[in-house]
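When a ligand or atom number is given, it counts from 1 through the structure's own listing order.
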Amino acid sequence: MILNASGCLDALTAPRVARSLDAFVAKTITPEPRPGNAQPRLAESDFGLLNSIGLQNPGLDVFYAEVLPLLEELEMPLWISVGGSNAADYARICERIGERDSVDVLELNLSCPNVDPAAAGAAEIVAACRAVSGKPLYAKLSPQLPDIAEVATGVIEAGASGLSLVNSLRGLVLDEWTLEPRLARAVGGYSGAALRPVALAAVFSCYEATKGTVPIVGMGGVQSGKHALDLIAAGASAVALGSVLFGDLEAPERVRSELEEEARARGFERPSEARGAAHQPFAA
Ligand code: SIN
């Protein structure tokens, strides 16, 4: 299963790529509109991209009335990313958006590096959302948690159905000559190729901690079918493409066919058969 990472496709690009994705993941919605952080908020860096978008979005009401109907025209499974400042914010969005049949999954963004962190803990937010919606809830976690596997088991116990691993890492890029931060907010979220081993480690340890019982969407620097296969071997049941989409809208199609080829070359009839293969040497 190949998805886009939240925020990496907009309403214009989505229809061009949608057919080659198994589900479309929308940009994070918050209860009120957010203009996003000050410009500049994108900077290229070695091996990746730094962003400080700041969850720019039109807010729940406009999303519900104007954006969701457009996404529904894609006629494909929709995952809606949910943000907020506290558990009540997340629950309010889950309750309203969760009532739409077109929405398959609510992805709880518990990890945006570009806004102040939610006051509530991850498990508390998940429990509040679970209380108001029967939809599958995926918790999107930060690779910078001191113990991501512990948080993963906590959110699953609180009612999450799956995990999205990982969001970007906090990073800083300085201007070559002025030595000032390239982003207005200085520190931003770093994604791209350098995130790949970090994402692999997070998926690997969360798969072990949950004993492979919950679905995991692996993401972070995937640019090829082999990168996707690595995440599946570490424990992912689906793979999301992020920054690669900014430069290559053909990436989902290409990664899918490379993934099938790479899996077959290693004796797996389907990529899904490789899930958890990296763990076998460690089995008791
Ligand atoms: C952003 O809007 O700042 C990026 C979204 C995220 O990293 O969660």
Carboxylate-amine/guanidinium proximity below 4.0 Å for [X] and [Y]:
X: Glu261; Y: Arg264; value: no
X: Asp248; Y: Arg254; value: yes
X: Arg256; Y: Glu260; value: no

Apply the side-chain contact (heavy atoms from CB on, under 4.5 Å) test between Val115 and each candidate in Thr30, Leu55, Thr28, Ile53; give the one that qualifies.
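For Val115, the side-chain contact (heavy atoms from CB on, under 4.5 Å) test succeeds with only one of Thr30, Leu55, Thr28, Ile53, which is Leu55.
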Looking only at distances, can you tell me whether any N or O atom of Lys27, backbone or side chain, sits closer than 3.5 Å to an N or O atom of ligand 1?
yes
Does ligand 1 come near enough to Asn167 that some N or O of the ligand is less than 3.5 Å from an N or O of the residue?
yes
At less than 4.0 angstrom from any non-hydrogen atom of Pro113, what atoms of ligand 1 do you find?
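Near Pro113, the atoms of ligand 1 are 7 (O).
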Using a 4.0 Å cut-off to any heavy atom of Gly54, which atoms of ligand 1 qualify?
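It comes down to these atoms of ligand 1: 1 (C), 2 (O), 3 (O).
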Would you say Gly189 touches ligand 1, if touching means a heavy atom closer than 4.0 Å?
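Gly189 does not count as a contact of ligand 1 under the 4.0 Å cut-off.
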In this structure, does ligand 1 have an atom that sits under 4.0 Å from one of the heavy atoms of Gly7?
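For ligand 1, residue contact (heavy atoms, under 4.0 Å) with Gly7 is absent.
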Taking the inter-plane angle between the rings of Phe204 and His279 on a 0 to 90° scale, is it parallel (under 30°), tilted (30 to 60°) or perpendicular (over 60°)?
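Aromatic pair Phe204/His279 classed parallel.
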Lys135 side-chain N/O to Arg100 backbone N/O, donor-acceptor pair under 3.5 Å:
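Yes; judged by distance alone, with no hydrogens or angles, the pair exists.
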Is it the side chain, the backbone, both or neither of [X] that has a heavy atom closer than 4.0 Å to ligand 1?
X: Asn51; value: side chain
X: Asn114; value: side chain
X: Asn109; value: side chain

Taking atom types as modelled, is there a side-chain donor on Ser142 or Ser111 under 3.5 Å from an acceptor on the other?
no
